[in-house]
Amino acid sequence: MADLSQIVKAYDVRGVVPDQWDEALAELFGAAFAQVTGASAVVVGHDMRPSSPGLSRAFARGAAARGVDVTEIGLCSTDELYFASGHLGLPGAMFTASHNPAQYNGIKMCRAGAAPVGQDTGLAEIRSLVEGWLENGAPEPVQTPGTLTAQDVLADYAAHLRSLVDLSGIRELKVVVDAGNGMGGHTVPTVFEGLPLELDAMYFELDGTFPNHEANPLDPKNIVDLQQRVREVGADIGLAFDGDADRCFVVDGNGDPVSPSAITALVAARELAKHPGGTVIHNLITSWSVPEVVKECGGKPVRTRVGHSFIKEEMARSGAIFGGEHSAHYYFRDFWNADTGMLAAMHVLAALGGQSGPLSELVAEYDRYAGSGEINSTVADQAGRTAAVRAAYENVPGVEFDELDGLTVAASDWWFNLRASNTEPLLRLNVEARDAETVSRIRDEVLAIVRA
């Protein structure tokens, strides 16, 4: 029997195909999803991985066998699936393993209106049903199965995004986009068509084996090609999408990476100009710049734990207009509180093209501090090492502690957060300070304890 503890994560399903899961298991997940959501219809899409079409169709068969009508939108980005869920008012399932290597695949599931499905919002129940069927046999199909209908929503998705950010009046920009052989190669041409953008396309061929580099722009080695190309062609900006194109990373005209926190602050300022006094969500490892800018623009910053389900829940609870994470996930009230890197990229293009200066100057006011980036340490005793770090700072004057998510230690001119991974024996460290020297000092102090 398949070991679901290995593939059912906090917010999704993800594992190696076919070693950990396959089409037979995907079919059971489709049946369970139909039963837990109680929906009469669902929407299903998939990315470009070789295993995705078969897994997606198997899931659709499983849902249809429970009497549910399935709209199959085929190749799509994850945020395009969220669009379909919101636009059609249906629960949705996206087959992708995002930025993970080629042998992986998974399912990101949502309820109607792109509401998240996590451990506490249906995923645990889905897992329990599938485990029961694996042990006792699959459920009998209902007397009247649902239908499978193909529908292309790409044009509608692009039109919705373009209705939210008007790029028609900006100055012409030279834009390099690295799709990493992922779904950005499918969505970018349609979204950017007819706009005053000179597009230089890199790795737009859909190829789930990722022949050029991993589709994970969070790792600096995977944006080297983009940085080099931006410098070579004298582009105004570079954009890099991850495999399922729900995250977007930005480099400026010098080829230098722009912090996702700076992007969060920039987009927050633009959204607050449209919605004065609005609430903006940011997770606890975004820069101090984010709440500062939100307050300066008359908004209300709200700090949350790391993770999209926490952001989405707080977005819904507070009626927030926007939310951002330092991992380059960006969430919009106008996009059913779901994350879309494409819409964030369009905001950056609109801001850049709406003035005459380079991107490096534009983002400077939003990038006010030095940061370490996320540093992972493999440890056997996460709780013990975290306690040791706390003990080391207990007697430092003026230091404050909080444990909203891991351990955050803050002084007047620096802070750090140390969080345990939910899925691996790792501690993740993020440090920020007013200058790079202080970042280095605090980073080295904490890592010496963590890795002792």
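Remember, it's a predicted structure, so these values are computed and weren't measured experimentally.
- Using a distance-only test at 3.5 Å, with no hydrogens or angles considered, a donor-acceptor pair links the side chain of Q119 to the main chain of K9.
- At least one donor-acceptor pair under 3.5 Å links the side chain of D69 to the backbone N or O of T147.
- In terms of modelled atom types and a separation under 3.5 Å, the side chain of N283 and the main chain of E325 share no donor-acceptor contact.
- Annotation: side chain of Y82 is not in contact with side chain of W336 (no heavy-atom distance under 4.5 Å).
- With K108 as the partner, the salt bridge (charged side-chain N to carboxylate O under 4.0 Å, His left out) test is satisfied by one option alone out of D12, D244, D47: D244.
- When side chains are defined from C-beta on, D200 does not count as touching E198, because their heavy atoms never get closer than 4.5 Å.
- Using a 4.5 Å cut-off on side-chain heavy atoms (C-beta onward), F322 and T264 make contact.
- Counting heavy-atom neighbours within 6.0 Å of E424 CD, excluding the residue itself, gives a total above 12.
- If you look at H87 and Y157, their ring centroids are not closer than 6.0 Å.
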Set out, in order, the CA-CA distance, both residues' side-chain angles and the distance that settles salt bridge (charged side-chain N to carboxylate O under 4.0 Å, His left out) for D339 and K312, then state yes or no.
CA-CA 9 Å; D339 44 320; K312 287 180 178 176; 3.6 Å; yes
- request: Please report the C-alpha distance between L123 and Y11 in whole Å, then the side-chain angles of each, then the deciding distance to 0.1 Å, and finally whether the side-chain contact (heavy atoms from CB on, under 4.5 Å) criterion is met.
  value: CA-CA 7 Å; L123 190 55; Y11 319 116; 5.7 Å; no
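- Within 6.0 Å of CG in D402 there are more than 12 heavy atoms belonging to other residues, nucleotides or ligands.
- Using a 30° and 60° split on the angle between ring planes, F33 and F59 fall in the tilted class, from 30° to 60°.
- Not one N or O on the side chain of S98 forms a donor-acceptor pair closer than 3.5 Å with the backbone of N100.
- Here H347 and F332 bring their ring centres to under 6.0 angstrom of each other.
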